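A short worksheet on the structure shown next.
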Amino acid sequence: MNNEMNNIYQLNGKVPVMKAIPFGLQHILAMFVANIAPILIVAGASGLTTEQSAMLIQNAMIIAGIGTLIQLFPIWRIGSGLPIVMGISFTFVSVFCFVGANYGYPAIMGAVLIGGIVEGILGLFAKYWMKAITPIVAASVVTAIGFSLLSVGASSFGGGSGSENFGSVQNWILGMITLLACILFHIFAKSFWKHLSVLFGLVVGYIAAMCMGMVNFSTLAGTSIIALPRIMPFSMEFHPGAILSAILIFLVSATETIGDTTALAAAGLNREPSGKEIAGSLACDGFISALSSVFGCLPITSFSQNVGLVAMTKVVNRFVIATGAVIMILAGIFPIFGALLATLPDAVLGGCTIMMFGTIVVSGIQMIGKCGYSQRNITIVALSLSIGIGFTQVPEIFAVFPKLVQNVFAENCVAVVFLVSILLNLVLPKNMET
């Protein structure tokens, strides 16, 4: 049995189903709230009803589960074969809120279909352009992803951005209880059990939240027990402006996917990803997003939160992660299950994820160290991070640019870091030491 459980640290290997489920569930709980939040934001900006939003959440869980399974077990050249968990990214939120408000939700679906196909094709032909993504560029992007997630973790810790009681004493107490539970369990648990510290923290935090009266079960009322996904719940419309915006954001998302894949391989497998793995990861992102539009959903991409969980636990077994994907699909087919998971308070999630996100920052720093601290590398990292993180903290600095540029770059530090690091890598002399 010990040998079987040691397989959780191996990409392939047999793990008992009942032992695998807790680790898979841990991955789903770590991303569940962040997976449905973009849907609610874009649906609200597009004027959709509560019933339509609930239907989209149901469909998104099913497609995210299918996408995760394809990443784990590739079909042809689509999928990486790595333990990548898929979900709906915040990267697209600002652009699609603008598109939804001006053109309507059907225009978003048309843009997602075209943008997804474009990214998928780029993934299939990645070997022709991936040489531009050198190790120091990838390291800069991974570090930026980690920094960009810190504010997400902090917002959750405070109770969720925009919540009425954000930063309240109750949220602080709940976040601290969850964080301490995670840390103490990780310190005192033995063997592979210590890698369930996030799940333990979530359970302890959830129980504490119920005792504090901070869990709202009223959302379960009227939720159907079982429901099948609807195909084409919205007719698609194709507007050139919406499509162009979506394609640009898909390119930004591709950057994050490259960073996620690189960070996961480095932190979980102690190696760099192969060209085939990155190409498959990108192709899966694109084509699954195109499929997602058929079910009325936003793009499905690699989830950085789960990369942080892999970096923290070193659990990379594909079967283990696949159990989480199956749980996601069940959450879509049985809406009552998804609605129950959705009652998890933000502060509990924040208490668990704040350390995970910091782990991604550390992984990026380690990658920079492996690249070496030459003058050229220091210049690329220092300038790309200072511009990318610094400028996006004051988005008003982009006011002189067209609205499209602002939507893509003003609050997306990963996109800016990627662009600046690519440009610097192309223009700086190869030898800056003399």
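The structure displayed is predicted, hence computed values, not measured ones.
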I'd like to know whether OH of Y373 has more than 12 heavy-atom contacts from other residues, nucleotides or ligands below 6.0 angstrom. yes
Between atom CG of L419 and atom CZ of F409, what is the distance when rounded to the nearest 0.5 Å? 5.0 Å
Would you say the side-chain atoms of R77 pair up with the backbone N or O of L124, donor to acceptor, closer than 3.5 Å? yes
Euclidean distance, I66 CD1 relative to L291 CG, rounded to 0.5 Å: 6.5 Å
Does K314 NZ have over 12 foreign heavy atoms under 6.0 Å away? yes
Would you compute the distance between atom CZ of F73 and atom CZ of R318 and round it to the nearest 0.5 angstrom? 5.0 Å
Under a 3.5 Å distance rule, please check whether S46 uses its side chain to pair with a backbone N or O of L48 as donor and acceptor. no
Check whether any side-chain heavy atom of T68 lies under 4.5 Å from a side-chain heavy atom of I84, and answer yes or no. no
Do Q26 side-chain atoms and L199 backbone N/O form a donor-acceptor pair below 3.5 Å? yes
Look at atom CZ of F125 and say whether more than 12 heavy atoms of other residues, nucleotides or ligands are closer to it than 6.0 Å. no
In chain order, what residues pass the side-chain contact (heavy atoms from CB on, under 4.5 Å) check against V310, with sequence neighbours excluded? H27, L264, V316
Of all heavy-atom pairs linking V17 and F319, the shortest is CG2-CZ, 3.8 Å
So SG of C182 and CG of L202: to nearest 0.5 Å the spacing works out to 6.5 Å
Heavy-atom neighbours of I75 CD1 exceed 12 at 6.0 Å: no
Hey, is the main chain of I278 close enough, under 3.5 Å, to the side chain of S281 for a donor-acceptor pair? no
According to the salt bridge (charged side-chain N to carboxylate O under 4.0 Å, His left out) rule, which pairs have a member within residues 270-289, sequence neighbours left out? R271-E277
Treating N317 as the side-chain partner and Q10 as the backbone partner, does any N or O pair qualify as donor plus acceptor under 3.5 Å? yes
Output for pair (E119 CD, I247 CD1), nearest 0.5 Å, gives 11.0 Å
Just by distance, do the side chain of S289 and the backbone of I300 share a donor-acceptor pair under 3.5 Å? yes
Aromatic contact between Y105 and F96, with the criterion being ring centroids under 6.0 Å apart: yes or no? no
Donor-acceptor under 3.5 Å (W129 side chain, L122 main chain): yes
Could you measure the distance from the CZ atom of F295 to the CE atom of M232? Nearest 0.5 Å is fine. 11.0 Å
